Chemist: 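Let me give you the structure first, and then I'll get to my questions.
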Amino acid sequence: MTSRLQRLLESLDKRDFEVLRVIERYMYRFEYVPVELIEKRSRLKPGELLKSIDKLSTLKLVKRRLGSVTGYTLTYTALDLLALANLVSRGVISRIGDRIGVGKESDVYIAETPTGDLVVVKFHREGRTSFTHLRRHRAYVARVDRVGWLRIAKLVGEREFKALLSLHREKARVPEPIAYNRHCVVQEYIPGIDLYRVKQLDEATAKKTLLEILESLRIAYLRVGIVHGDLSEYNIMITDEGEAYIIDWPQYVYREDETAESLLNRDVNYIIRFYKRRYGIGVEPDRALRYIKGEINAI
């Protein structure tokens, strides 16, 4: 079955995308972009613009504000479609499939490349629940001038792509990043299951995957200079081959950050407690931390 995003993508024409791009371009200056400006920059005739705006409104891709000046702003779905159109035009993907994951700050879809391979497409949704909370807990957000929801999502998308690129090059167990556009990151598809869904692991596999997680944290800390900052069973995947991959990195902090030490301690203690509680595997947290920091070479 064709996904809703794919149907929407196929329903839009060049005129519709031009209107969306104009609105996106001027959202950094206007909360709602004046319709007169959209008409001027899109170079569409009034009748053509009205037809496109009505269509985009019906599809819930733009929101309208009436008043002395009528204006329009994008929805997250509109930004999704702009990113997808770019990725399709670049030959990164050919079709977008069903949603396979949803969280507070992202939606994850399966997609297909022109060669028929499967990839994961992750749309960042930072700020969807609480922008105040986001600014309080993410220093890189607090530094952005004239912050808007879409600007933040784009910033985080680029940030995660670059982190994954560095981590993958250093051989950490993370999905290989393939491309990004706006708030959207395309990643390697890894067959497996989220750790929180894995009710049982034999002792050898449990110990092996825990050590793989700690090894990836070590690589992140020593070679890339970052701390994950929000590690849990919800952003770790156990592959069909029994390997552990950390699949979510947008909230990382640099090793020199004033919060890095406490966040690293939290990450390590949390995942060790989880493995002890769920699988009965014990590792000394202090020794694990010393290993991650390079003070010892084995746990």
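The model shown is predicted, which means the values in this text are computed figures rather than measured ones. Counting begins at 1 with the first residue of the sequence.
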Chemist: Output a table of donor-acceptor pairs, distance under 3.5 Å, between side-chain atoms of residues 166-175 and any protein atom two or more places apart or on a different chain; print 'none' if there are none.
Modeler:
unit_1 : atom_1 : unit_2 : atom_2 : d
Ser166 : OG     : Lys162 : O      : 3.3
Arg173 : NH1    : Glu215 : OE1    : 2.9

Chemist: Establish, from distance only, whether the side-chain atoms of Asp16 and Ser52 form a donor-acceptor pair under 3.5 Å.
Modeler: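 Ser52 and Asp16 do have a side-chain donor-acceptor pair below 3.5 Å.
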
Chemist: Ignoring hydrogens and geometry, is there a side-chain-to-backbone donor-acceptor pair from Glu48 to Lys45 under 3.5 Å?
Modeler: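 Yes, Glu48 side chain to Lys45 backbone: donor-acceptor pair under 3.5 Å.
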
Chemist: Closer than 3.5 angstrom, by distance alone: can the side chain of Ser3 be matched with the main-chain N or O of Ile96 as a donor-acceptor pair?
Modeler: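 Between the backbone of Ile96 and the side chain of Ser3 there is a qualifying donor-acceptor contact (under 3.5 Å).
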
Chemist: Does any N or O in the side chain of Arg65 come within less than 3.5 Å of the main-chain N or O of Gly71, such that one atom is a donor and the other an acceptor?
Modeler: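 It does not hold such a pair.
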
Chemist: With ring-ring contact (aromatic ring centres under 6.0 Å, His included) as the rule and sequence neighbours excluded, what pairs involving residues 190-216 come up?
Modeler: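 ring-ring contact (aromatic ring centres under 6.0 Å, His included) check on residues 190-216 returns Tyr196-Tyr234.
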
Chemist: Does the side chain of Ile93 reach to within under 4.5 Å of the side chain of Val88, using non-hydrogen atoms?
Modeler: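 Of all side-chain heavy-atom pairs linking Val88 with Ile93, at least one is under 4.5 Å.
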
Chemist: Are any non-hydrogen side-chain atoms of Gln251 and Glu160 less than 4.5 angstrom apart?
Modeler: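 Contact flag for Gln251/Glu160 side chains = no.
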
Chemist: What verdict does the side-chain contact (heavy atoms from CB on, under 4.5 Å) test give for Arg95 and Leu9, after you've listed the backbone C-alpha separation in whole Å, the side-chain angles of each residue and the deciding distance to 0.1 Å?
Modeler: CA-CA 9 Å; Arg95 296 182 63 82; Leu9 191 63; over 6 Å; no

Chemist: Just so I know, are the side chains of Val62 and Leu20 near enough to count as touching, which here means a heavy-atom distance under 4.5 Å?
Modeler: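 Side chain of Val62 against side chain of Leu20, heavy atoms only: contact under 4.5 Å found.
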
Chemist: Run the side-chain contact (heavy atoms from CB on, under 4.5 Å) check on Ser232 and Tyr270 step by step: do they pass?
Modeler: CA-CA 7 Å; Ser232 75; Tyr270 183 92; 3.7 Å; yes

Chemist: Checking Glu212 against Lys208 for the salt bridge (charged side-chain N to carboxylate O under 4.0 Å, His left out) test, could you report, in this order, the C-alpha distance in whole Å, the side-chain angles of both residues, the deciding distance, and whether it holds?
Modeler: CA-CA 6 Å; Glu212 287 171 347; Lys208 171 179 173 291; 2.7 Å; yes

Chemist: Are the aromatic ring centres of Tyr28 and Phe30 under 6.0 angstrom apart?
Modeler: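 Here the rings of Phe30 and Tyr28 have centres that are no less than 6.0 Å from each other.
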
Chemist: Please evaluate residues His228 and Tyr252 with respect to the criterion side-chain contact (heavy atoms from CB on, under 4.5 Å), reporting the C-alpha separation (whole Å), side-chain torsions for both, the decisive distance (0.1 Å), and the verdict.
Modeler: CA-CA 4 Å; His228 186 280; Tyr252 73 85; 5.8 Å; no

Chemist: Side-chain polar contacts of residues 178-186 - donor-acceptor pairs under 3.5 angstrom, sequence neighbours left out - could you list them?
Modeler:
unit_1 : atom_1 : unit_2 : atom_2 : d
Asn181 : ND2    : Asn86  : OD1    : 3.2
Arg182 : NE     : Glu24  : OE1    : 3.4
Arg182 : NE     : Glu24  : OE2    : 2.7
Arg182 : NH1    : Leu82  : O      : 3.3
Arg182 : NH2    : Glu24  : OE1    : 3.0
His183 : NE2    : Asp80  : OD1    : 2.6

Chemist: Do Tyr279 and Thr205 have side-chain heavy atoms sitting under 4.5 Å apart?
Modeler: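 The answer is no; the side chains never approach within 4.5 Å.
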
Chemist: When you measure from the side chain of Arg278 to the backbone of Val198, do you find a donor-acceptor pair of N or O atoms at a distance under 3.5 Å?
Modeler: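 Flag set: sc Arg278 to bb Val198 pair under 3.5 Å.
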
Chemist: Please list, chain by chain and in numerical order, all residues satisfying side chain to side chain donor-acceptor pair (under 3.5 Å) with Tyr26, sequence neighbours excluded.
Modeler: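 Tyr26 satisfies side chain to side chain donor-acceptor pair (under 3.5 Å) with Arg41 once adjacent residues are dropped.
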
Chemist: Do Pro46 and Glu39 have side-chain heavy atoms sitting under 4.5 Å apart?
Modeler: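 Yes. Closest side-chain heavy atoms under 4.5 Å.
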
Chemist: Check whether Ser94 reaches the backbone of Thr113 with its side chain - one donor and one acceptor, N or O, closer than 3.5 Å.
Modeler: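 Side chain of Ser94 to backbone of Thr113, a donor-acceptor pair under 3.5 Å: yes, one is there.
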
Chemist: Answer whether the closest heavy-atom distance between the side chains of Val33 and Tyr72 falls below 4.5 Å.
Modeler: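 A side-chain contact under 4.5 Å is absent here.
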
Chemist: With side-chain contact (heavy atoms from CB on, under 4.5 Å) as the test, would you mind laying out the steps for Leu263 and Asp257 before giving the verdict?
Modeler: CA-CA 10 Å; Leu263 290 173; Asp257 190 282; 5.8 Å; no

Chemist: Under the side chain to side chain donor-acceptor pair (under 3.5 Å) test, which residues partner Thr77, sequence neighbours left out?
Modeler: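 If we apply the side chain to side chain donor-acceptor pair (under 3.5 Å) test to Thr77, skipping adjacent residues, there are no hits.
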
Chemist: Scan residues 199-225 for pairs that pass ring-ring contact (aromatic ring centres under 6.0 Å, His included), counting only residues two or more places apart or in two chains.
Modeler: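 Not a single pair qualifies under ring-ring contact (aromatic ring centres under 6.0 Å, His included).
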
Chemist: Is any side-chain heavy atom of Tyr275 closer than 4.5 Å to one of Leu195?
Modeler: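 The answer is yes; the side chains approach within 4.5 Å.
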
Chemist: Contact between Val119 and Val92 at the side-chain level, heavy atoms closer than 4.5 Å - yes or no?
Modeler: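 Not touching, per the 4.5 Å side-chain cut-off.
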
